[in-house]
Protein chains: 2
Amino acid sequence: MGRKRTKSGKIRLAEVAELAGVSPITASRFFRNPEALSVAKRTRVDSAAKELGYVPNLAARALASQRTEVIGVLIPSLTNNVFSDVLRGIYDASENSRYSIQLSNTRYSILQEEKLLRLFLAQKPAGLIVTGIDQTTESRAMLDAADCPIVQIMEIGPNPVDMMIGFSHYDAARAAIAHLFAQGHRKIGFVGARMDPRVQRRLDGYVSAMKDAGLFEQRLVVTTATPTSVTLGGALFTDLLAREPGMDAVFCANDDLALGVLFECRRREIAIPEQIAIVGFNDLEFMASAVPTLTSVRTNRYEMGNTAATMLIDAIDGRRPEHPVLDLGFKVIERQSSSARRSDNRPAVSGAGAANKMVALPSGHD
Amino acid sequence: MGRKRTKSGKIRLAEVAELAGVSPITASRFFRNPEALSVAKRTRVDSAAKELGYVPNLAARALASQRTEVIGVLIPSLTNNVFSDVLRGIYDASENSRYSIQLSNTRYSILQEEKLLRLFLAQKPAGLIVTGIDQTTESRAMLDAADCPIVQIMEIGPNPVDMMIGFSHYDAARAAIAHLFAQGHRKIGFVGARMDPRVQRRLDGYVSAMKDAGLFEQRLVVTTATPTSVTLGGALFTDLLAREPGMDAVFCANDDLALGVLFECRRREIAIPEQIAIVGFNDLEFMASAVPTLTSVRTNRYEMGNTAATMLIDAIDGRRPEHPVLDLGFKVIERQSSSARRSDNRPAVSGAGAANKMVALPSGHD
DNA sequence: GTCTGTGCTGGTAGCGCTGTCAACGTTCCT
DNA sequence: AGGAACGTTGACAGCGCTACCAGCACAGAC
């Protein structure tokens, strides 16, 4: 005999089945596919389970069925506000499903991502959510070979592994620059940190828009691999000013940098938007509250996470979406920091969030 | 016969054992307790596993050993910056262990927490990290009965379930008020949002400090159950000003609110700190970068998460900490927003983060 | 009346791993 | 020399659940 058996009050499926007067396998089916049972047995098993307080043993289920009910999520950062919104969307969507989330942090390293992917795949996840479209060749091969649904989030691009949900960072950046052009700005600087693939594509969008207008100059671009922060925004802006004092606008690759630029302008007594306009990216909550209020490109982060998880769960359950690639678009939220240069046009300083105009643009139509 | 067997190239422990020329159980031990093997077999199993690319099946392990290698984490919010720092600490600490993190969001509801706790406990987690000390009676009973190590994080208090790591929000708030008193402020307002237990204790600390000085007035306190935001900071401050125009300082229960107050002051052309001083809570990164730089109470969020997970893993592995209750303390970081009222004393406006003075205080000694 | 199809149910045989215990070889005592 | 003590190894028997297949009852088709 192995070990001590029938340990204290442990409720197994067999106990439930016995109380309900059915075979264990029938009870098992009740939990996975109740419709397959006759109504009579269904209610019997149901009440037996409730009476005994039965909780299925997930490990045994996973072992026997050769698959888990785990959704693996690979994101590059836990600090970034952007990802916390996405994550919240994912967790919310998974909450009332039978799937649980297994989260891992790649720290913006595609090698780390590859390692984690190998780990995840070995446990046969029910589905996978991965960030972005820039995997290593090896990772890509693993994803292609994986026998579970996969959603790539944060951006859209060619050759999806499976499903994809995001927006075009390139188009979003172009829209931001187009907005600045429309307000009469010409010498527009770019400030970027971390320079992960998505920030790089925002830079690409900026460069192409500036080139299209014949206004591109390399010295208008200041970037760093350092992780983003408000303080860094001020520092990068300082560099930019030193290179090009005549600049009349700055496009910041994210809102933290934009806030840093705002504070730096305040320190230097540079008037916004009269002397320099500011546009950020993501439209975090504080942008509408700053003084002056800060223009930004709104992205649908919560919705992205939520929809990704919902699509994934649907796909796992056999309901594949009609369109595997979903463009969530973006909106340029025009605020005081980028009003037209003529100061008489500047909205009166008033309550936070006042005077927001919105320009909605699905990606791909800038 | 059951189902199709020996599915394509699936590497099991048995295969590794066979290649290494040992029994499966010996190979099993290699992965759990390598020191128990002779050096010769250890290297044989090691190279066999590497050669075959063996990855253990966690479900089988969990089923056979009757325990999982999952650490359950219950936090009240995924949005809050505070928790993303804590989480990062937890994930970092778990990364090189064999434990994986199972995260759930209680959304600041102790009923939801109870429900999730029941769910977690049913899966026999290796350990548990829970937020705060305000559980339902039922939750508390489950925690007391749980046969795994438990760490309560974010604050310290009497009657720990098991281990506890945090600091005294009460003392931290008192220290912030003491700092404002020292700068000559007397009519100090309190602005708080969400009013979860920890914010409530900060309020309690504020009230006690004010009462000790004979300065407490109910109308100096403005709170709301609404989740915190920068915009809300401005709105609450507006309320406060309407009630008590003569106020000379505001203690904000968190930094988002403080930033909102800063912007609102800017909108109203109230000079900081000459007319009103501001002190925030948590010392998020932007506080050092704002104009003026904002005083805050620094809390060790990353360290808290990291230490909690480390302690928990050590305890799971049988190395219980000497002191089960760890006070991580706090520091009042004095910046421009709360400099002494005489304006000649005000630090020159200079680079971000300049002129930080620090006052370190372990909780319990204010 | 026989045959086929459909819906529901149950028996059998594992999924891949580890707890337990026994057994072995070696060293160190007395 | 005998035996205890230790370190190392292996055989066995499951952990709790589900895949697979078979069987049964009943309905409809021929």
Side-chain angles (χ1 to χ4, degrees), chain A residues 1-45 48-49 52-69 98 122-124 126, chain B residues 1-45 48-49 52-69 98 122-124 126:
Chain A
M1 187 181 306
R3 70 202 74 169
K4 59 183 177 297
R5 38 188 26 248
T6 55
K7 32 187 346 193
S8 58
K10 193 65 194 309
I11 306 300
R12 304 198 310 291
L13 190 55
E15 271 80 53
V16 176
E18 192 181 350
L19 180 61
V22 300
S23 71
I25 187 66
T26 298
S28 168
R29 273 192 277 263
F30 168 77
F31 292 101
R32 292 173 293 148
N33 184 20
E35 286 75 27
L37 303 205
S38 63
V39 180
K41 305 224 162 177
R42 201 184 307 172
T43 52
R44 293 232 304 276
V45 176
L52 296 172
Y54 171 72
V55 180
N57 180 319
L58 265 37
R61 177 179 288 177
L63 180 60
S65 67
Q66 294 285 70
R67 58 201 167 69
T68 61
E69 291 181 339
R98 64 180 190 284
Q123 299 308 324
K124 299 181 191 298
Chain B
M1 187 180 305
R3 67 204 75 170
K4 59 183 177 296
R5 39 189 23 248
T6 55
K7 30 187 349 192
S8 59
K10 193 66 193 309
I11 305 300
R12 304 197 310 292
L13 191 55
E15 271 80 53
V16 176
E18 192 182 352
L19 180 62
V22 300
S23 71
I25 188 66
T26 299
S28 168
R29 273 193 275 263
F30 169 77
F31 292 102
R32 292 174 293 148
N33 184 20
E35 286 75 28
L37 302 204
S38 63
V39 180
K41 305 225 162 175
R42 200 185 307 173
T43 52
R44 293 232 305 276
V45 176
L52 295 171
Y54 171 72
V55 182
N57 181 317
L58 265 37
R61 177 178 289 178
L63 181 60
S65 68
Q66 292 286 71
R67 56 198 170 73
T68 60
E69 291 181 340
R98 64 181 192 284
Q123 297 309 323
K124 297 180 194 294

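Chain A is the first sequence line, chain B the second, and so forth, proteins listed ahead of strands; every chain is numbered from 1. Values reported hereafter were calculated over all heavy atoms of this structure, with side chains retained and with hydrogens, waters and symmetry mates removed.
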Check: Are the side chains of B:Ile11 and B:Val55 in touch, meaning some heavy atoms are under 4.5 Å apart?
Finding: no

Check: Whole-Å distance between C:dG10 C1' and A:Leu13 CG?
Finding: 13 Å

Item checked: d(CG, B:Leu63; P, D:dG16) in whole Å -> 7 Å

Next item on the list: Quickly work out the A:Ile11 CD1 to D:dC15 P distance and round it to whole Å.
Entry: 15 Å

Next item on the list: Write down the distance between CG (B:Asn57) and C1' (C:dG16), rounded to a whole number of angstrom.
Entry: 6 Å

Check: According to a strict under-4.0 Å criterion, is A:Arg12 in side-chain N/O contact with OP1 or OP2 of D:dC17?
Finding: no

Check: Quick one: which of D:dC15, D:dC17, C:dG19 gets closest to the side chain of A:Ala64?
Finding: D:dC17

Check: Under 4.0 angstrom, heavy atoms only, what part of the nucleic acid is A:Arg42 near: base, sugar-phosphate, or nothing?
Finding: nothing

Margin query: Does D:dC17 have its OP1 or OP2 closer than 4.0 Å to a side-chain nitrogen or oxygen of A:Tyr54?
Written below: yes

Next item on the list: Start with the C-alpha distance between B:Leu13 and B:Phe31, add both sets of side-chain angles, then the distance that settles side-chain contact (heavy atoms from CB on, under 4.5 Å), and finish with yes or no.
Entry: CA-CA 10 Å; B:Leu13 191 55; B:Phe31 292 102; 3.7 Å; yes

Notebook entry, point to check: Should we count CD of A:Glu69 as having more than 12 external heavy atoms under 6.0 Å?
Noted result: yes

Notebook entry, point to check: Can you tell me how far CD of A:Gln66 sits from CG of B:Asn57, rounded to the nearest 0.5 angstrom?
Noted result: 7.0 Å

Check: Across the strands shown, which category fits A:Phe30 at heavy-atom distances under 4.0 angstrom: base, sugar-phosphate, nothing?
Finding: nothing

Checklist line | Nearest-angstrom distance from the residue atom CZ of A:Arg67 to C1' of C:dG16 | finding: 17 Å

Next item on the list: Could you check B:Arg32 against B:Ala59 and say which one's nearest nucleotide on DNA chain C is further toward the 5' end?
Entry: B:Ala59

Check: Between A:Gln66 and D:dC17, is there a side-chain N or O to OP1/OP2 distance below 4.0 Å?
Finding: no

Note to self: What is the distance, to the nearest angstrom, from the CD atom on B:Glu15 to the C1' atom on C:dC17?
What the structure shows: 13 Å

Distances for protein N/O vs nucleotides 6-9 of chain D N/O pairs under 3.5 angstrom?
residue: D:dT9; atom: OP1; partner: B:Ser38; partner atom: OG; Å: 2.8
residue: D:dT9; atom: OP2; partner: B:Ser38; partner atom: N; Å: 3.1

Note to self: In whole Å, I'd like the distance from the CZ atom of A:Arg61 to the C1' atom of D:dG16.
What the structure shows: 11 Å

Next item on the list: Could you tell me whether A:Arg42 atom CZ has more than 12 heavy atoms of other residues or ligands within 6.0 Å of it?
Entry: yes

Item checked: A:Thr68 side-chain N/O to A:Ala62 backbone N/O, donor-acceptor pair under 3.5 Å -> no

Check: Does a nitrogen or oxygen in the side chain of A:Ser28 sit under 4.0 Å from OP1 or OP2 of D:dC17?
Finding: no

Next item on the list: Using atom CZ of B:Phe31 as one end and atom P of C:dG16 as the other, report the distance to the nearest whole Å.
Entry: 15 Å

Notebook entry, point to check: Are the side chain of A:Gln123 and the backbone of B:Pro56 linked by a donor-acceptor contact shorter than 3.5 Å?
Noted result: yes

